[in-house]
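A short worksheet on the structure shown next.
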Amino acid sequence: MEFNYYLPTRIVFGRGALEKNAATIALGKRAFIVTGKSSGRVSGALGDAIEALEKCGAEYDVFEGIGNNPELEQCYDAGTAARRFKADFIVGIGGGSPLDASKAVAAFAANDMTPDDIFKNTFENGVLPIFAIPTTSGTGSEVTPWSVMTYHKMRTKRSFGCTLTFPRVALLDPKYTDSLPLDVTRSTSMDAFEHCFESVISKKASPFTDAGNFYALGEFGRLMKQLEDGEVDSLRDMMMLISMIGGTTIAHTGTTLMHAMGYPLTYFHGIPHGTANAMVMPVYMKVVRRFKPERLNAALSALGMSYGELEAYLMRNYPLTVHPDDADVDLWAEQAAVQGATLNTGIPCDKESLKEIFAMLK
Ligand code: NAP
Ligand code: FE
């Protein structure tokens, strides 16, 4: 048995967490806040963060308006604004999009580089410290080093991240997710589940990541009926915990082929991230059953569901609404063949094998 585990993020969890731990936000003297169009305000997290910063005597500036599936160019512009403000730390507030953007902003603010340089993952001047406040329960971005951005040059999404881009503090208050609309709750909750499921399948899975994933999958299995019935108010706290645990595990195992298959559905068809993955999951399960049946069974048994029950749940709630033609299959397979997520799966992932898999979505 061999593994490495490194998680340099301090985790503060609970309702009222920021009011009770205001001093944790003072990672410097000048904060640059990065948030979405409305998520910061609607969730109440932006107001609480400003109050905490004022209590600590820190100066701040706010960049409001990070788009969903943030574009590299917008993150670069925000990074330039942070440098102009002479920020010495970043506060990221929102779903995965603003949180991922805050990591890019923290890198651009500290380093004079071109937008594309970020994917080299080496930062001469380091990366500004990040205080992350999630307002969705899905990506776990508050405890991962990963930042996923829309990269038009390659007509897909592309990630960067290294040990420097782990947030310094993750402040999780489930009350910030009370305002989430049902459709976003359904999609983001699936993302949290998918991370735990894929992390079990990943060739980098360890007993340590399994421990988190098996616990989180068990809890998720008990909430699936409520999620399906739209009774989501009572699952907010546990979903935030599941999402965070999934973040800690994918920080070590990465995601797998399911995420790589979901990206083109988001990029070309605008399907929300967690839903896109759920739509391709039945095909993913078929492939994993062929190559890694023991790991698939381990994930299913932690979830408390049979293969058929999970497949039926997915098809009932997240039916595949777009089908690739031959040209799409060719392009999507080519793109997936170079995605880190694909390579983590531990199955044959040359372009020809991937074409066969994508053709199953037709
Ligand atoms: P999101 O794109 O951050 O947000 C989805 C929508 O929900 C937005 O319209 C957002 O509004 C709204 N919203 C967020 N919080 C809200 C709240 N509390 N109340 C009401 N509305 C709220 O969604 P996400 O699923 O959390 O993040 C998806 C992104 O994360 C994708 O780009 C994906 O690739 C990435 N991702 C990253 C990781 C990682 O490890 N870093 C893992 C998986 C996925 P605003 O527009 O106002 O913000
Ligand atoms: Fe994800």
Hey, are the side chains of Glu19 and Glu51 touching, using non-hydrogen atoms and a 4.5 Å cut-off?
no
Under the ring pair (Phe, Tyr, Trp, His ring centres under 6.0 Å) rule, collect the residues that match up with Phe32, sequence neighbours excluded.
none
Can you list, pair by pair, the side-chain donor-acceptor contacts under 3.5 Å of residues 87-101, counting residues two or more places apart and other chains?
| unit_1 | atom_1 | unit_2 | atom_2 | d |
| --- | --- | --- | --- | --- |
| Asp88 | OD1 | Lys29 | N | 3.0 |
| Asp88 | OD1 | Arg30 | N | 2.7 |
| Asp88 | OD2 | Lys29 | N | 2.9 |
| Ser97 | OG | Asn69 | N | 3.0 |
| Asp100 | OD1 | Ser141 | OG | 2.6 |
| Asp100 | OD2 | Val148 | N | 2.9 |

Counting only heavy atoms not in Asn4, do more than 12 fall under 6.0 Å of its CG?
no
NZ/Lys86: more than 12 non-hydrogen atoms of other groups inside 6.0 Å
no
Given Leu303, which of Met224, Arg222, Glu219 fulfils the side chain to side chain contact (heavy atoms under 4.5 Å, CB included) condition?
Met224
Hits for side-chain hydrogen bond (donor to acceptor under 3.5 Å, both in side chains) against Thr266, two or more places apart or cross-chain, chain-then-number order -> none
Other than Leu180, which residues form its hydrophobic cluster under the rule that side-chain heavy atoms must be closer than 4.5 Å?
Val184
Just checking, is any N or O donor in the side chain of Ser187 or Thr275 under 3.5 Å from an acceptor N or O on the other one?
yes
Measure from the side-chain N and O atoms of Thr150 to the backbone N and O of Glu71, and report whether any donor-acceptor pair falls under 3.5 Å.
no
Under 3.5 Å donor-acceptor, Arg186 side chain and Leu227 backbone
yes
Using modelled atom types only, decide if a donor and an acceptor are shared between the side chain of Arg83 and the backbone of Asn111 within a distance under 3.5 Å.
yes
Give the minimum heavy-atom separation between Trp332 and Pro324, together with the two atoms involved.
CZ3-CB, 3.7 Å
For Asp183, the salt bridge (Lys or Arg N to Asp or Glu O under 4.0 Å) test, sequence neighbours excluded, returns none
Distance-minimising heavy-atom pair for Asp237 and Phe13
O-CZ, 3.7 Å
May I ask you to list the residues sharing a hydrophobic cluster with Met315, side-chain cutoff 4.5 Å, ordered by chain and number?
none
Out of Asn277, Thr256, Thr253, which residue meets the side-chain hydrogen bond (donor to acceptor under 3.5 Å, both in side chains) rule with Glu198?
Thr256
Partners passing salt bridge (Lys or Arg N to Asp or Glu O under 4.0 Å) against Lys362 (at least two apart in sequence or in another chain):
Asp326
Residues Gln335, Tyr263; criterion side chain to side chain contact (heavy atoms under 4.5 Å, CB included); working and verdict
CA-CA 10 Å; Gln335 291 176 333; Tyr263 288 156; over 6 Å; no
So do the side chains of Phe197 and Leu310 get within less than 4.5 Å of each other, counting heavy atoms only?
yes
Has Thr9 got a side-chain atom pairing as donor or acceptor with Pro167's backbone, closer than 3.5 angstrom?
yes
Distance-only, no hydrogens or angles: does the Thr342 side chain make a donor-acceptor pair with backbone N or O of Ala336 under 3.5 Å?
yes
Residue pair Lys286 / Ile357, side-chain heavy-atom distance below 4.5 Å
no
Kindly write out the residues that satisfy salt bridge (Lys or Arg N to Asp or Glu O under 4.0 Å) with Arg290, not counting sequence neighbours, or none if the list is empty.
none
Within the side chain of Glu194, is there an N or O that forms a donor-acceptor pair under 3.5 Å with the backbone of Ala278?
yes
Between Ile118 and Met149, does the side chain to side chain contact (heavy atoms under 4.5 Å, CB included) criterion hold? Intermediate values first, please.
CA-CA 11 Å; Ile118 204 161; Met149 287 176 285; 4.2 Å; yes
Contact between Phe358 and Val283 at the side-chain level, heavy atoms closer than 4.5 Å - yes or no?
no
Residues passing the salt bridge (Lys or Arg N to Asp or Glu O under 4.0 Å) test with Lys292, sequence neighbours excluded, are none
Minimum side-chain heavy-atom gap Phe166-Leu7 below 4.5 Å
yes
Under a 4.0 Å N-O cut-off, is there an ion pair linking Arg158 with Asp116?
no
For Arg84 and Asp61, what are the C-alpha separation, side-chain angles and deciding distance, and is it a salt bridge (charged side-chain N to carboxylate O under 4.0 Å, His left out)?
CA-CA 11 Å; Arg84 221 180 296 125; Asp61 194 6; over 6 Å; no
Closest heavy-atom pair, Tyr176 versus Gly44, reported as atoms and distance to 0.1 Å, is CE2-C, 3.9 Å
Would you find a donor on one side and an acceptor on the other, under 3.5 Å apart, between the side chain of Asp229 and the backbone of Glu231?
no
Residues which pass side-chain hydrogen bond (donor to acceptor under 3.5 Å, both in side chains) with Lys355, listed by chain and number, not counting sequence neighbours
Asp330
Could you tell me whether the side chain of Ile25 reaches within less than 4.5 Å of the side chain of Cys56, counting heavy atoms only?
yes
Where Gly161 and Trp146 come nearest, the two heavy atoms and their spacing:
O-CZ3, 4.1 Å
Does a side-chain heavy-atom distance below 4.5 Å link Val200 with Leu217?
yes
Among Val280, Val287, Thr345, find the one that has a side chain to side chain contact (heavy atoms under 4.5 Å, CB included) with Met258.
Val280
Please report whether the ring centroid of Phe119 lies less than 6.0 Å from that of Tyr151.
yes
Considering all heavy atoms of both residues, which atom of Phe108 and which atom of Gly79 are nearest to each other, and what is their separation?
CB-CA, 3.9 Å
Mark yes or no for whether Ser43, through its side chain, and Ser39, through its backbone, hold a donor-acceptor pair below 3.5 Å.
yes
Assess the residue pair Glu142 and Met244 against the criterion (side chain to side chain contact (heavy atoms under 4.5 Å, CB included)); give the C-alpha distance rounded to whole Å, side-chain angles, the decisive distance to 0.1 Å, and a yes or no.
CA-CA 7 Å; Glu142 68 278 4; Met244 186 270 284; 3.7 Å; yes
Taking only residues two or more places apart in sequence, or in another chain, which ones meet Tyr313 in a side-chain hydrogen bond (donor to acceptor under 3.5 Å, both in side chains)?
none
Can Glu228 and Lys225 be counted as an ion pair, charged N to O under 4.0 angstrom?
no
If only atom types and distance count, is the side chain of Asn297 paired as donor or acceptor with the main-chain N or O of Glu294 below 3.5 Å?
no
Judged by atom type as modelled, is there a donor-acceptor pair below 3.5 Å linking the side chain of Arg236 to the main-chain atoms of Pro174?
no
side-chain hydrogen bond (donor to acceptor under 3.5 Å, both in side chains) partners of Asp210, counting only residues at least two apart
Arg295
Which atom names give the shortest non-hydrogen contact between Cys75 and Val105, and what distance separates them?
O-CG2, 3.8 Å
I would like to know whether His259 and Ile250 meet side chain to side chain contact (heavy atoms under 4.5 Å, CB included); could you show each step before the answer?
CA-CA 12 Å; His259 265 65; Ile250 60 164; over 6 Å; no
Just wondering, do Gln74 and Asp77 contact through their side chains at under 4.5 Å, heavy atoms?
no
Exceeds 12 heavy-atom contacts within 6.0 angstrom, atom CD of Glu64:
yes
